[in-house]
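Below: one structure, written as structure tokens.
Here, residue 1 is the first one in the sequence, and each next residue gets the next number. What you are looking at is a predicted structure, and each value in this text was computed from that prediction instead of being measured.
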Amino acid sequence: MSDSTPAAPVVVDLWCDLECPDCHRALDDVRALRARYGDRVELRLRHFPLEKHKHAYAAAQAAEEAVEQGRGWPYIEALLSRTDDLGRTGEPVLLDVARELGLDAEEFDTALIDGRHLLIVDADHAEGKAIGVTGTPTYVISDERLDGGKSQDGLRERIEEIVDGVLAARDQ
């Protein structure tokens, strides 16, 4: 899922588990990157559901349904703000968030049953494993991987340093 123009000069892939409390905290970094760079950066959410979060795989599929319905990032942000609820209550939270955003919750339920978004989630997860993603959130910018699952201290500054360097090199 993309949050910018397709021709954006710098791609930031955010490997995320939508039940992960660290990914919830990473939302502040996402918002700061959007504010600082606007459409000079393409921010892409990549799915990396972790086995320890039993609802993360369904949450990733639900996020893809939200993309289909035109509200991907609002859904993701709303869901990440409820990681505790998702962990406790499970999949009904996915439909509750859809309803709260005015999305077609019946279609969400159908999408979760028929698995129409499984290939996207599986492809993201496989690609993440192939490039060495082991936890979430993990950022990949210009082939540099930053693991926010270990520590988020100084992470935003490091992301900005990399993005600034890529932008400066492209402007020369």
Side-chain angles (χ1 to χ4, degrees), residues 1-3 12-35 43-141 145-156 158-159:
M1 184 184 81
S2 175
D3 185 34
V12 176
D13 283 327
L14 169 57
W15 298 87
C16 186
D17 171 322
L18 295 172
E19 193 178 339
C20 171
D22 290 332
C23 290
H24 169 110
R25 287 188 287 280
L27 273 178
D28 288 338
D29 293 333
V30 167
R31 290 179 183 123
L33 291 170
R34 285 183 188 144
L43 183 62
R44 297 188 309 195
L45 181 96
R46 307 297 300 274
H47 300 291
F48 201 79
L50 301 170
E51 287 183 25
K52 67 181 178 181
H53 296 133
K54 69 180 190 174
H55 306 293
Y57 202 84
Q61 293 176 71
E64 287 302 318
E65 181 57 31
V67 170
E68 287 292 315
Q69 293 189 31
R71 302 286 312 268
W73 276 104
Y75 184 84
I76 288 163
E77 289 190 24
L79 190 55
L80 281 172
S81 72
R82 296 179 62 179
T83 55
D84 289 341
D85 289 346
L86 181 59
R88 277 192 312 276
T89 308
E91 294 181 22
V93 172
L94 304 175
L95 303 178
D96 290 345
V97 171
R99 282 186 206 94
E100 290 164 12
L101 293 173
L103 299 170
D104 184 343
E106 263 186 52
E107 197 61 32
F108 267 76
D109 194 35
T110 302
L112 290 170
I113 292 167
D114 70 20
R116 67 183 75 158
H117 303 296
L118 285 172
L119 289 177
I120 294 169
V121 176
D122 285 344
D124 274 3
H125 196 265
E127 185 180 342
K129 278 188 160 191
I131 64 169
V133 174
T134 58
T136 60
T138 295
Y139 297 84
V140 177
I141 310 146
R145 190 176 65 245
L146 304 171
D147 186 351
K150 293 180 181 168
S151 172
Q152 293 186 24
D153 292 339
L155 188 60
R156 183 184 317 164
R158 182 69 184 121
I159 293 167

Q. With sequence neighbours excluded, what pairs up with R145 under the salt bridge (Lys or Arg N to Asp or Glu O under 4.0 Å) test?
A. none
Q: Report the C-alpha distance between W73 and V67 in whole Å, list the side-chain angles of each, state the deciding distance to 0.1 Å, and finish with yes or no for side-chain contact (heavy atoms from CB on, under 4.5 Å).
A: CA-CA 8 Å; W73 276 104; V67 170; over 6 Å; no
**Q.** Contacts of type side chain to side chain donor-acceptor pair (under 3.5 Å), residue E65, not counting sequence neighbours
**A.** Q69, H117
Q: Measure from the side-chain N and O atoms of R46 to the backbone N and O of G128, and report whether any donor-acceptor pair falls under 3.5 Å.
A: no
(Q) Among residues at least two apart in sequence or on other chains, which ones pass side-chain contact (heavy atoms from CB on, under 4.5 Å) with R99? (A) L95, D96, A105
Q) Counting N and O atoms only, with roles assigned by atom type, does the side chain of S81 sit under 3.5 Å from a partner on the main chain of A78, one being a donor and the other an acceptor? A) yes
Q | Set of residues satisfying salt bridge (Lys or Arg N to Asp or Glu O under 4.0 Å) with respect to D109, sequence neighbours excluded | A | none
(Q) Once side-chain contact (heavy atoms from CB on, under 4.5 Å) is applied, do any residues pair with T110, and if so which ones, sequence neighbours excluded? (A) D114, R116
Q. Does a side-chain heavy-atom distance below 4.5 Å link T138 with L146?
A. no
Q: Compare every heavy atom of A59 with every heavy atom of L18, then report the nearest pair and how far apart it is.
A: CD1-O, 3.5 Å
**Q.** side-chain contact (heavy atoms from CB on, under 4.5 Å) against L50, all qualifying residues, sequence neighbours excluded
**A.** D17, F48, K52, H53, T136
Q) Which pairs count as ring pair (Phe, Tyr, Trp, His ring centres under 6.0 Å) when at least one residue sits in residues 74-98, sequence neighbours excluded? A) Y75-F108
Q: Sequence neighbours left out, what passes side chain to side chain donor-acceptor pair (under 3.5 Å) with R31? Give chain and number order.
A: E77
Q | Interatomic distance, E64 atom CD to L45 atom CG [nearest 0.5 angstrom] | A | 8.0 Å
Q) At their closest point, which heavy atom of A58 faces which heavy atom of E91, and how far apart are they? A) CB-OE2, 3.4 Å
Q) CG/L79 to NE2/H24 distance, rounded to the nearest 0.5 angstrom? A) 11.5 Å
Q) Any side-chain heavy atom of Y139 sitting closer than 4.5 Å to one from D13? A) no
**Q.** Heavy-atom closest pair, residues L14 and P137
**A.** CD1-CB, 3.6 Å
(Q) Within the structure provided, determine whether C16 and C23 are in side-chain contact (heavy-atom separation under 4.5 Å). (A) yes
Q) Which value, rounded to the nearest 0.5 Å, describes the distance between T89 atom OG1 and L94 atom CG? A) 10.5 Å
Q | Closest non-hydrogen atom pair, A63 against I76 | A | CB-CG1, 3.9 Å
**Q.** All salt bridge (Lys or Arg N to Asp or Glu O under 4.0 Å) counterparts of R82, not counting sequence neighbours
**A.** D85, E100
Q | CA sep, side-chain torsions, deciding dist, call: R156, D28, side-chain contact (heavy atoms from CB on, under 4.5 Å) | A | CA-CA 9 Å; R156 183 184 317 164; D28 288 338; 3.8 Å; yes
Q.
Please report the interatomic distance CD(E107) to CG(L112), rounded to the nearest 0.5 Å.
A. 10.5 Å
Q: Could you pull out all residues at least two apart from E68 that satisfy side chain to side chain donor-acceptor pair (under 3.5 Å)?
A: none
Q: Could you tell me whether a side-chain N or O of H47 sits under 3.5 Å from a main-chain N or O of D124, the two making a donor and an acceptor?
A: no
Q) Partners of R25 by salt bridge (Lys or Arg N to Asp or Glu O under 4.0 Å), sequence neighbours excluded? A) D22
